[in-house]
Number of protein chains: 2
Amino acid sequence: MPATGTDTLPAAPMAPRMEDVARLAGVSMMTVSRALRAPGTVSAPMLAKVRAALRQTGYLPNLVASGLASSRTQVVAAIIPLISQPFAPTLQGMTDVLRASAYQLVLGVTHYDPRQEEALVRAFLSRRVDGIALFAGGHTEETVAMVRQSGVPLVEMWADPATEVLVDSVCVSQRLGAREAVRHLRARGRRRIGFIGGATANNIRQQARLRGYLDGLDEAGLPDDPAAREVAGCFLMEAGAEALARLLTRRPDLDAVCVASDILAVGVVFEAHRRGLIVPDDLAVTGFDDAEIARAMYPSLTTIDMKAEEMGRQAAAMLLERAGQGGRVDLAAMPSRRCDLGHALILRESS
Amino acid sequence: MPATGTDTLPAAPMAPRMEDVARLAGVSMMTVSRALRAPGTVSAPMLAKVRAALRQTGYLPNLVASGLASSRTQVVAAIIPLISQPFAPTLQGMTDVLRASAYQLVLGVTHYDPRQEEALVRAFLSRRVDGIALFAGGHTEETVAMVRQSGVPLVEMWADPATEVLVDSVCVSQRLGAREAVRHLRARGRRRIGFIGGATANNIRQQARLRGYLDGLDEAGLPDDPAAREVAGCFLMEAGAEALARLLTRRPDLDAVCVASDILAVGVVFEAHRRGLIVPDDLAVTGFDDAEIARAMYPSLTTIDMKAEEMGRQAAAMLLERAGQGGRVDLAAMPSRRCDLGHALILRESS
DNA sequence: CCCTATCTTGATAGCGCTAACGATCGACGG
DNA sequence: CCGTCGATCGTTAGCGCTATCAAGATAGGG
């Protein structure tokens with residue numbers, strides 16, 4: 001705007017409020033409020049007047065005030081370990097579902113640290129979010145207590161069906177999936193099957209996958225050789241490569257590796273190439289999660305599909321259902337719900 | 001709690017309010033408020049009393065009410081095209097900076113659709129976020145108008161330094177980066193250099209990278225051959241693979257491809273392998289963004305580092321600075337700020 | 001010793017909206 | 001023709017916090 005001098009207040013062009021819309025339309029504020037939130041309860045002529053005034057003023061409802069008055073914020077929180085594969089698709093699934101319901105997503109990242117998770121839960125409860133989706137397992141006592149106390153709708157994701165959860169959960173068969181990977185490798189004639197996974201502390205997914213691997217060995221009558229198992233330092237491809245290097249130093253005669261994450265498995269395949277090993281001829285590799293790269297890489301990666309995006313969709317849907325029923329939930333009273341997405345072995349070139 | 005019957009209201013265990021804390025501490029609400037938000041302005045004995053009462057009640061401040069009263073929500077919004085490489089690291093950078101300042105991030109995904117961006121901006125303005133970070137370019141007029149009108153602190157990310165922006169921006173040298181990739185390929189003795197990029201509609205990053213490629217050809221005195229350029233349908237590895245397939249059908253004699261995205265470039269390398277071409281001997285490949293996989297894959301990928309995570313950090317920092325100065329910003333009056341992160345060619349095995 | 005400057009604390013008045021209930025009006029059955 | 005009911009709209013009273021300013025306390029200077 002052309003400077004009019006600063007001798008007088010610049011006549012702050014305050015954003016229009018609902019009252020302004022109401023005055024312009026010649027109706028009460030409540031009618032405007034209803035026209036926005038429940039158009040069905042307003043008569044046609046009134047609605048038309050309000051809509052005209054809305055257009056004319058360019059009114060943007062103040063959802064902060066709305067949230068305070070109605071104690072519903074139309075926001076749900078997602079708390080994830082990392083913004084990366086395979087969690088990004090879960091987030092994508094959540095935003096897709098939430099968008100359709102005019103809900104928004106606030107994001108928190110824990111870096112697999114239960115205390116950061118606790119801090120995030122506290123912050124989100126302070127914001128009075130209408131629901132929280134977090135990853136199963138690895139909660140502090142305080143986290144559990146706060147959630148219980150507050151009664152926010154809660155969904156845990158990425159649990160194994162056998163995992164004990166707080167309330168609602170969306171789970172995938174992590175343990176059965178790993179067992180199936182081993183079965184598959186056995187069926188391909190592999191006998192010396194190693195394992196590479198991430199750290200199991202605070203990570204029940206990795207715990208379940210390791211157990212599934214052991215189940216598979218057991219079932220096949222193969223002994224568990226701890227030296228044929230290796231832990232990757234973090235979920236980066238390079239960590240997978242390094243883990244394979246260490247593993248092969250100890251057990252150079254492995255003919256297959258069951259890897260508990262596609263990201264790690266990709267590193268494993270690259271490292272195998274680097275060493276002149278042919279995948280799958282010299283070394284068969286199976287991954288976990290069915291990340292994008294599993295399908296796209298060459299050789300493409302046999303993996304266990306964890307339905308990451310669908311998990312996000314389901315989690316969001318469950319939260320919306322609870323939130324729609326009008327907010328607070330008594331965790332003791334409500335029957336907890338569990339949505340099991342199963343798993344699927346996806347056969348590709350790496351095995 | 002043990003069911004006491006439903007004949008009477010279950011005596012809702014209302015979350016404690018600031019008033020409850022104040023009463024317990026024997027002070028006024030304002031003192032509690034100050035103890036929380038500006039401890040320095042409260043005397044030591046008072047502070048101690050309040051802190052004790054806070055612990056005892058397990059009080060969680062209601063940030064919705066706080067936001068309404070103070071018209072600062074302590075939330076900033078990030079609007080991104082997709083939750084994937086190379087944007088995930090940008091998001092990560094933002095959350096890391098925001099966490100330190102007790103701000104939260106709300107997330108919006110546009111799928112490269114300007115109308116979805118508009119809807120998200122509207123929603124976030126309705127929530128009275130303290131700042132919005134979005135991707136440069138591809139805004140509707142209405143989006144620009146709303147942002148201007150509202151005066152929210154705004155940062156555009158992933159711009160090219162030559163791009164016209166709305167207010168503040170964090171940019172990287174997309175065009176120069178692509179030119180440097182071509183220079184590098186020339187220096188390696190390549191003469192038939194193709195190009196693969198994503199759609200340029202609503203995507204100024206891809207536009208700038210294409211221009212940089214053309215700059216590079218021009219500089220080297222090489223003619224631009226439109227048939228040596230190909231557009232990938234989306235940002236998936238497979239789309240990169242398919243694009244290379246189409247490109248080689250028309251120009252089988254290419255000895256290098258400049259690819260405007262690591263995700264696509266990875267697909268290109270895999271497709272080359274699939275066709276028995278050796279990278280880089282038969283075909284040199286350069287990518288863009290320096291995604292994790294560029295470093296980890298075999299052969300590792302020469303690429304242009306776009307400082308994705310640093311970009312998120314800078315964007316968040318700029319927003320916090322504006323927000324800290326007390327909110328609303330007059331876009332006409334404020335001097336716009338630009339943070340140029342440059343770019344860096346990262347030499348690896350693929351070229 | 002009084003008056004002003006500085007620091008703390010408290011009382012008051014909203015922030016912009018919605019829940020809850022009351023008022024109004026036309027329709028309809030007895 | 002009156003009472004009742006449902007549909008629609010308005011009035012009132014907050015939601016839980018903070019901005020603002022006034023009041024009291026303390027300190028310092030003339």
Side-chain angles (χ1 to χ4, degrees), chain A residues 12 14-50 53-54 57-75 102 125-130 150 326-328, chain B residues 9 12 14-50 53-54 57 59-75 102 125-130 150 326-328:
Chain A
M14 281 285 290
R17 291 156 306 156
M18 190 177 279
E19 192 184 342
D20 304 319
V21 178
R23 196 178 317 113
L24 185 65
V27 302
S28 74
M29 274 176 66
M30 271 317 296
T31 301
V32 177
S33 178
R34 280 191 273 254
L36 288 169
R37 239 151 293 284
T41 66
V42 177
S43 68
M46 283 283 173
L47 203 56
K49 281 197 285 184
V50 172
L54 285 173
T57 53
Y59 172 69
L60 282 180
N62 183 328
L63 292 186
V64 180
S66 168
L68 180 59
S70 66
S71 51
R72 320 180 80 263
T73 52
Q74 308 266 103
V75 172
L125 290 179
S126 248
R127 288 196 189 289
R128 303 301 194 259
V129 296
D130 289 341
S150 74
R328 311 297 92 168
Chain B
L9 281 174
M14 280 285 289
R17 291 154 308 154
M18 190 178 279
E19 193 185 342
D20 303 319
V21 178
R23 196 178 316 114
L24 185 65
V27 301
S28 74
M29 272 176 68
M30 271 317 295
T31 301
V32 178
S33 178
R34 280 191 273 254
L36 288 169
R37 238 150 294 283
T41 66
V42 177
S43 68
M46 282 284 172
L47 203 56
K49 281 197 285 184
V50 172
L54 285 173
T57 53
Y59 172 69
L60 281 181
N62 183 327
L63 292 186
V64 180
S66 168
L68 179 59
S70 66
S71 50
R72 320 178 80 266
T73 50
Q74 307 267 101
V75 172
L125 290 179
S126 249
R127 288 194 189 291
R128 303 302 193 259
V129 296
D130 289 341
S150 74
R328 310 297 91 169

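None of these values were measured; they are calculated from a predicted model.
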Requested in this report: Please tell me which of B/M46 and B/A65 maps to the more 5' nucleotide of DNA chain C, matching each residue to the nucleotide holding its nearest heavy atom.
Outcome: B/M46
Query raised in the report: Under 4.0 Å: is that the gap between some side-chain N or O of A/S33 and OP1 or OP2 of C/dT18?
Result: yes
**Report entry** Atom pair distance, as rounded to whole Å: CE in B/M18 and P in C/dA11
**Finding:** 15 Å
**Report entry** hbond_proxy A/R34 side chain to D/dG10 base (donor-acceptor, 3.5 Å cutoff)
**Finding:** yes
Query raised in the report: Where the side chain of A/A69 is concerned, which of D/dC15, D/dG10, D/dC17 is the nearest nucleotide?
Result: D/dC15
Report summary line: note: A/R128, atom CZ; D/dC15, atom P; distance rounded to Å ~ 14 Å
Query raised in the report: Within the pair B/S66 and D/dT18, is there a side-chain N or O less than 4.0 Å away from OP1 or OP2?
Result: yes
Report task. State which of D/dG10, D/dC15, D/dT20 makes the closest approach to the side chain of B/M30. Result -> D/dT20
Query - Nearest heavy atoms of B/A35 and B/V50, plus distance in Å - result: CB-CG1, 3.6 Å
Query - Whole-Å gap separating C1' (C/dT18) and CD (A/E19) - result: 15 Å
Report summary line: A/R72 atom CZ is separated from C/dC17 atom P, nearest whole Å, by 18 Å
Report task. Might you point out which heavy atoms bring B/T57 and B/P16 nearest each other, and give the distance in Å? Result -> O-CG, 3.6 Å
Query raised in the report: To the nearest Å, how far apart are A/M29 CE and D/dT11 C1'?
Result: 12 Å
Query raised in the report: Out of curiosity, A/S66 OG to A/R37 CZ, how far, rounded to the nearest 0.5 Å?
Result: 4.5 Å
Query raised in the report: Starting at CZ of B/R23 and ending at P of D/dC17, how long is that distance when rounded to a whole Å?
Result: 12 Å
Requested in this report: Starting at atom CG of B/L68, determine the distance to atom P of D/dA19, rounded to an integer number of angstrom.
Outcome: 12 Å
Query raised in the report: Using a cut-off of less than 4.0 Å, is there contact between a side-chain N or O of A/T41 and OP1 or OP2 of D/dC9?
Result: no
Report task. Assign B/V64 to base, sugar-phosphate, or nothing according to its heavy-atom contacts below 4.0 angstrom with the strands shown. Result -> nothing
Query raised in the report: Once you round to the nearest 0.5 Å, how far does CG of A/L60 lie from CG of A/L54?
Result: 10.0 Å
Query raised in the report: For D/dC15, does either OP1 or OP2 sit under 4.0 Å from a side-chain N or O belonging to A/S71?
Result: no
Requested in this report: Check whether any side-chain N or O of B/S28 sits under 4.0 Å from OP1 or OP2 of C/dG10, and answer yes or no.
Outcome: yes
Query raised in the report: Roughly how many Å is it from NZ in B/K49 to P in C/dT8, rounded to a whole number?
Result: 15 Å
Query raised in the report: Would you say C/dC15 has OP1 or OP2 under 4.0 Å from some side-chain N or O of B/S70?
Result: no
Report summary line: To the nearest 0.5 Å, atom CZ of B/R17 lies from atom CE of B/M29 at 8.5 Å
